[in-house]
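Remember, predicted model here, so these are calculated numbers, not experimental data. Every chain is numbered from 1, with letters handed out A, B, ... down the list of sequences.
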Number of protein chains: 2
Amino acid sequence: MVELQRFLENSFSLEGLSGDLASGLAALARPMSVKPGAILFESGDPGNGCYAILEGSLKVSIVSVEGDEQFLAVMGPGSIVGELALLDGRARSANVTALKASRLAFIDKHAFERFADANPAVYRHMLSIVGKRLRQANDVLAARSFLPLPGRVAQTLLQLAETFGKPVEKDRILIHYKLSQSDIANMAGAARENVSRVLNDWKRAGTISRISGYYCLEKPDLLKQASVL
Amino acid sequence: MVELQRFLENSFSLEGLSGDLASGLAALARPMSVKPGAILFESGDPGNGCYAILEGSLKVSIVSVEGDEQFLAVMGPGSIVGELALLDGRARSANVTALKASRLAFIDKHAFERFADANPAVYRHMLSIVGKRLRQANDVLAARSFLPLPGRVAQTLLQLAETFGKPVEKDRILIHYKLSQSDIANMAGAARENVSRVLNDWKRAGTISRISGYYCLEKPDLLKQASVL
DNA sequence: GGACAACAGTGATGGGCATCACACAATCCG
DNA sequence: CGGATTGTGTGATGCCCATCACTGTTGTCC
């Protein structure tokens, strides 16, 4: 239990919340574990709380009537998920599913509200999180509007590098996360086959490489350039 | 000056803030007027405050290197614009330009922060605004991912109806706002020519009509259907 | 009220990318 | 350890929609 507390404090502070508030919030949290593929909630569900990721990863996605899926984000440890329904009381706006086996901390909506009302700094903190989300959403829309397929794939890789990247020596970034081409395709909004083509072009050009199943960005600068609007 | 105050209270309450807080905020505001085409700020600028629209309209947009423009939103009276930079202290993430001559109220960042720290309910209110923005952004991305061109145009019209629509008799909605096809195209992310084709198909089918320059949604249900993901 | 500019309709053309269709790894598992 | 299931590479085909190239139409401002 103390271990959970410590984990949580780390998680929340990863997102930049001050220490004592983090422990306050941690006290509200209920630990839980999920298997890969587990559905935390689906679009339209009433929002009864949010989740902090301690370990593992989740995808946030929306699905079309035909069943095609568009990832809004893939989130790793230290992230908060499902906060939107907490803030405006409306229904969940997307699906959230576990990608890997994960350990989470669930925070009940009412408990959160009580705590936040007593500690307004929490609200400021949530604002900066939601703000970041909104900026990111706009960036993705911009990419979708202006960039051809390779640019969108580049953006996706860089985004994943933000979340899962470990720098290795000079300017090489290893994405320490098992990714399929379909995952990347669902993020970039493209067909899996074309993602394959783009990725191979880059592999041949030495822009990226694959190290025991993980993608490694050899020349992030080239990717950044490709993702310039 | 009293008139400004009253206007502002109405504006803010349009977005759902309680009366006394609205007047508190109104006291911070500095009135200003802008001509059509005036640039309030551009992406990358430091964010020194936000704007409430009393009269007129603004566009929020991003621009590609080639100069193509994508509207993120067209906002009318009662809306708040530029709040993002207020919340997380980062640079402006988009351009905001006046579409029509407009009367605005500018709220300085520091003044706002002082006021909000003293009245945390303001934070809750901002959260629900930003939350709504985020939901909307996700909806647009979903449309861009899943819907063919007509669906995206339908979504755009319905969105505009939210902001500028006046219901006229049974289930007809008049969009009381001068719109060019280019405007719609820039929102829907499509070429102006194709928007023209879609609009004419619908006009011929009696789904929409044009009444002295304003578009009127004759059968909003059909449009809603076309914009189902 | 005529001249100019901005907006609107419509065909023709072409390209980017989704889709289909498989061969070929790689990985999981009883 | 084969056999199945999942992920990957690569060509061929076609369609949606951007783009180009106009003509027609509506304003608007001396």
Side-chain angles (χ1 to χ4, degrees), chain A residues 35-37 59 64-71 99-101 143-157 175 177-205 208-216 226, chain B residues 35-37 59 64-71 99-101 143-157 175 177-205 208-216 226:
Chain A
K35 290 190 173 49
K59 70 175 175 195
S64 77
V65 275
E66 285 104 26
D68 297 330
E69 200 173 6
Q70 165 74 232
F71 289 11
L99 285 173
K100 316 274 182 217
R144 205 56 74 81
S145 301
F146 298 138
L147 294 180
L149 193 147
R152 290 176 352 237
V153 175
Q155 192 206 37
T156 302
L157 288 178
I175 298 179
Y177 187 80
K178 273 273 182 275
L179 276 172
S180 76
Q181 293 181 345
S182 310
D183 292 335
I184 299 175
N186 284 332
M187 296 189 74
R192 201 266 315 155
E193 293 90 323
N194 297 308
V195 171
S196 180
R197 289 181 242 267
V198 170
L199 252 27
N200 283 321
D201 288 351
W202 284 340
K203 211 182 300 179
R204 283 188 270 273
I208 64 172
S209 65
R210 255 194 132 183
I211 299 177
S212 66
Y214 298 114
Y215 287 96
C216 177
Chain B
K35 290 189 173 51
K59 71 176 175 192
S64 77
V65 274
E66 286 102 26
D68 297 330
E69 201 173 6
Q70 165 74 231
F71 289 10
L99 285 172
K100 316 274 182 217
R144 204 57 72 82
S145 300
F146 299 137
L147 295 180
L149 193 148
R152 296 188 331 249
V153 175
Q155 192 206 37
T156 302
L157 288 179
I175 298 179
Y177 187 78
K178 274 273 183 276
L179 277 172
S180 76
Q181 293 181 346
S182 311
D183 292 335
I184 300 176
N186 284 332
M187 296 189 73
R192 202 266 315 155
E193 292 92 323
N194 297 309
V195 171
S196 181
R197 289 182 242 267
V198 170
L199 252 26
N200 283 322
D201 288 351
W202 285 339
K203 212 183 299 178
R204 282 189 270 273
I208 64 172
S209 65
R210 256 194 130 184
I211 299 176
S212 67
Y214 298 113
Y215 287 96
C216 177

key: Pairing residues for A:Phe146 by the ring-ring contact (aromatic ring centres under 6.0 Å, His included) criterion, not counting sequence neighbours   = none
What integer distance in Å separates [X]:[atom1] from [N]:[atom2]?
{"X": "B:Gln181", "N": "D:dG27", "atom1": "CD", "atom2": "C1'", "result": "15 Å"}
{"X": "A:Trp202", "N": "D:dT8", "atom1": "CH2", "atom2": "C1'", "result": "17 Å"}
{"X": "B:Asn186", "N": "C:dA8", "atom1": "CG", "atom2": "C1'", "result": "15 Å"}
{"X": "B:Asp201", "N": "D:dC16", "atom1": "CG", "atom2": "P", "result": "14 Å"}
{"X": "A:Ile208", "N": "D:dT8", "atom1": "CD1", "atom2": "P", "result": "12 Å"}
{"X": "B:Asn200", "N": "C:dC7", "atom1": "CG", "atom2": "C1'", "result": "13 Å"}

ask   = Going from OG on A:Ser196 to CG on A:Asn200, what distance comes out if it is rounded to the nearest 0.5 angstrom?
value = 4.5 Å
note = Taken to the nearest 0.5 Å, the spacing of B:Arg197 CZ from B:Arg192 CZ works out to 8.5 Å
Is the phosphate of [N] approached by [X] (side-chain N or O, under 4.0 Å from OP1 or OP2)?
{"X": "A:Ser196", "N": "D:dG9", "result": "yes"}
{"X": "A:Lys178", "N": "D:dG7", "result": "no"}
{"X": "A:Ser180", "N": "D:dG7", "result": "no"}

ask   = Between B:Arg144 and A:Ser145, does any side-chain donor sit less than 3.5 Å from a side-chain acceptor?
value = yes
request  = Identify whether any heavy atom of A:Arg144 sits under 4.0 Å from a base atom; if not, whether one sits that close to sugar-phosphate; answer base, sugar-phosphate or nothing.
outcome  = nothing
inquiry  = Using the rule side-chain contact (heavy atoms from CB on, under 4.5 Å), only one of B:Ile184, B:Asn186, B:Asp183 pairs with B:Thr156; which is it?
reply    = B:Ile184
note = Its contact letters, B for base, S for sugar-phosphate only and - for none at protein heavy atoms under 4.0 Å, make nucleotides 11-30 of chain C read BB----SBBB----------
ask   = Minimum heavy-atom separation for B:Leu179 to B:Tyr215, with atom names?
value = O-CE1, 4.0 Å
task = Indicate the atoms forming the closest heavy-atom contact of A:Gln181 with A:Val195, along with that distance.
result = O-CG1, 4.2 Å
Nearest listed nucleotide, side chain of A:Arg210, among D:dT10, D:dT8, C:dA8 = D:dT8
